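Read the structure below first, then the notes.
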Number of protein chains: 2
Amino acid sequence: MNSISRTPARATIVEFLSKSYSPVDVSQIVNFLRAKNLSTNKVTVYRVMDFLLEKGFIDKVEFREGKFRYEIKRDDHHHFICQNCDVVEDISDCNISVLVEEIQKKKGILIKKHSLEFFGICKNCQL
Amino acid sequence: MNSISRTPARATIVEFLSKSYSPVDVSQIVNFLRAKNLSTNKVTVYRVMDFLLEKGFIDKVEFREGKFRYEIKRDDHHHFICQNCDVVEDISDCNISVLVEEIQKKKGILIKKHSLEFFGICKNCQL
DNA sequence: GTCACTGCAAAGGCTTTGCATGTAC
DNA sequence: GTACATGCAAAGCCTTTGCAGTGAC
């Protein structure tokens with residue numbers, strides 16, 4: 001047993017993030033919890049997100065919407081957001097780690113994380 | 001003469017962005033304008049930023065702060081933000097365009113822009 | 001006068017904080 | 001009982017909107 005308490009809210013949020021194909025925002029999480037008949041509100045969700053972030057279970061991302069989105073932490077991957085239909089695609093085979101290494105050496109800085117998002121038009125919306 | 005009206009607010013904001021080493025937020029812009037004895041407020045600044053964005057003079061970026069920052073549009077470049085002292089360094093010689101090309105071909109998507117920010121510890125803060 | 005720019009007030013959305021209540025151990 | 005999780009209300013920012021006033025042409 002570790003010391004992490006597993007409450008219904010936390011467990012359900014992790015469940016929701018795990019089965020979401022793209023990063024979700026706080027409103028979506030609240031809606032999911034309520035659909036599961038869990039009484040909750042945004043404040044609780046924000047606090048759970050803080051907790052999960054601190055534990056390193058999730059990542060916090062931005063899509064230039066003026067709000068944050070969250071997703072289960074996974075291996076290095078990035079997102080493509082269609083500016084027409086808002087669909088989000090994962091970009092996972094992008095070799096950014098080589099760049100990160102180069103930059104670290106050249107600049108003498110220590111890179112702990114990075115954000116990389118692509119914006120454009122998806123395959124469907126080009127038709 | 002083009003049809004772009006050059007008001008004191010707009011000219012001064014462009015001046016400020018031009019001489020800023022890193023992206024600035026709306027509060028910083030308001031402060032700069034007031035220091036120049038220009039009466040203004042946030043709403044006006046937001047509207048000027050919309051105008052400049054639409055004209056393609058500036059870019060809007062996010063540093064995971066829950067707000068937007070703005071900078072003069074320049075050639076492809078990115079930012080490194082020190083998580084300790086908040087200093088921002090430009091990362092300009094990063095060959096991401098190759099990756100963009102690859103991804104476009106592989107996924108059949110059309111990439112119009114991307115955001116790439118690095119977070120970590122700068123040279124000074126490692127001492 | 002017309003049109004665009006600006007200013008003020010208000011509202012809306014996202015996020016955080018304070019405090020009280022509830023729950024697990 | 002203690003420590004932590006949750007809920008509600010309120011507040012704090014950032015940003016947008018409505019409407020009136022100002023100024024350039």
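Per chain, numbering begins at 1; letters A, B, ... match sequence-line order. Note that the structure is predicted; figures quoted are calculated from it, not measured.
- Atom CD of B:E65 is separated from atom P of C:dC14 by 19 Å (rounded to the nearest Å).
- Only one option out of B:N37, B:I29, B:N31 pairs with B:L33 in a side-chain contact (heavy atoms from CB on, under 4.5 Å); it is B:I29.
- Using a distance-only test at 3.5 Å, with no hydrogens or angles considered, a donor-acceptor pair links the side chain of B:Q28 to the main chain of B:D25.
- Following rounding to the nearest Å, B:K67 (NZ) and D:dT15 (P) show an atom-to-atom distance of 8 Å.
- Nearest approach of B:E65 to A:F68, heavy atoms of both residues: C-CZ, 4.2 Å.
- For A:F68, the side-chain atoms get nearest to C:dT15 when compared with the rest of C:dT15, C:dT6, D:dT6.
- Hydrophobic clustering, defined by side-chain heavy atoms of Ile, Leu, Val, Met, Phe, Trp and Tyr closer than 4.5 Å, groups A:F118 together with A:F80, A:I91, A:I96, A:L99, A:V100, A:I103, A:I109, A:I111, A:L116, B:F80, B:I91, B:I96, B:L99, B:V100, B:I103, B:I109, B:I111, B:L116, B:F118.
- For B:R69 and D:dC13, the CZ to P distance is 16 Å, given to the nearest whole Å.
- The nearest whole Å value for the distance from the CD1 atom in A:I29 to the C1' atom in C:dC14 is 13 Å.
- A distance-only check finds a donor-acceptor pair linking the side chain of A:N41 to the backbone of A:T44 [under 3.5 Å].
- Contacts between residues 36-48 of chain B and DNA chain D, counted as heavy-atom distances below 4.0 Å, involve B:K42, B:V43, B:Y46, B:R47.
- Taking atom CG of residue A:D50 and atom P of nucleotide D:dA5, one finds them 12 Å apart after rounding to whole Å.
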Checking side-chain contact (heavy atoms from CB on, under 4.5 Å) for the pair B:K55/B:K73: CA distance, chi angles, key distance, verdict?
CA-CA 11 Å; B:K55 296 292 178 188; B:K73 191 184 281 272; over 6 Å; no
Enumerate the protein-to-nucleotides 1-4 of chain C contacts in which both atoms are nitrogen or oxygen and the separation is below 3.5 Å.
none

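- Within the structure, every side-chain polar atom (N or O) of A:T7 is placed at least 4.0 Å from both OP1 and OP2 of C:dT23.
- Using a 4.0 Å cut-off between a side-chain N of Lys or Arg and a carboxylate O of Asp or Glu, A:E117 and A:R64 do not qualify as a salt bridge.
- For the pair A:E62 CD and D:dC14 C1', the interatomic distance rounds to 13 Å; values are reported in whole Å.
- The number of heavy atoms from other shown groups lying within 6.0 Å of NZ (A:K123) does not exceed 12.
- Regarding B:L33, its CG atom lies at a distance of 12 Å from the C1' atom of C:dT6, rounded to whole Å.
- Rounded to whole angstrom, the span from the CD atom of B:E54 across to the C1' atom of C:dC5 amounts to 14 Å.
- B:K107 places a side-chain N or O within 3.5 Å of a backbone atom of A:D90 that can act as its donor or acceptor partner.
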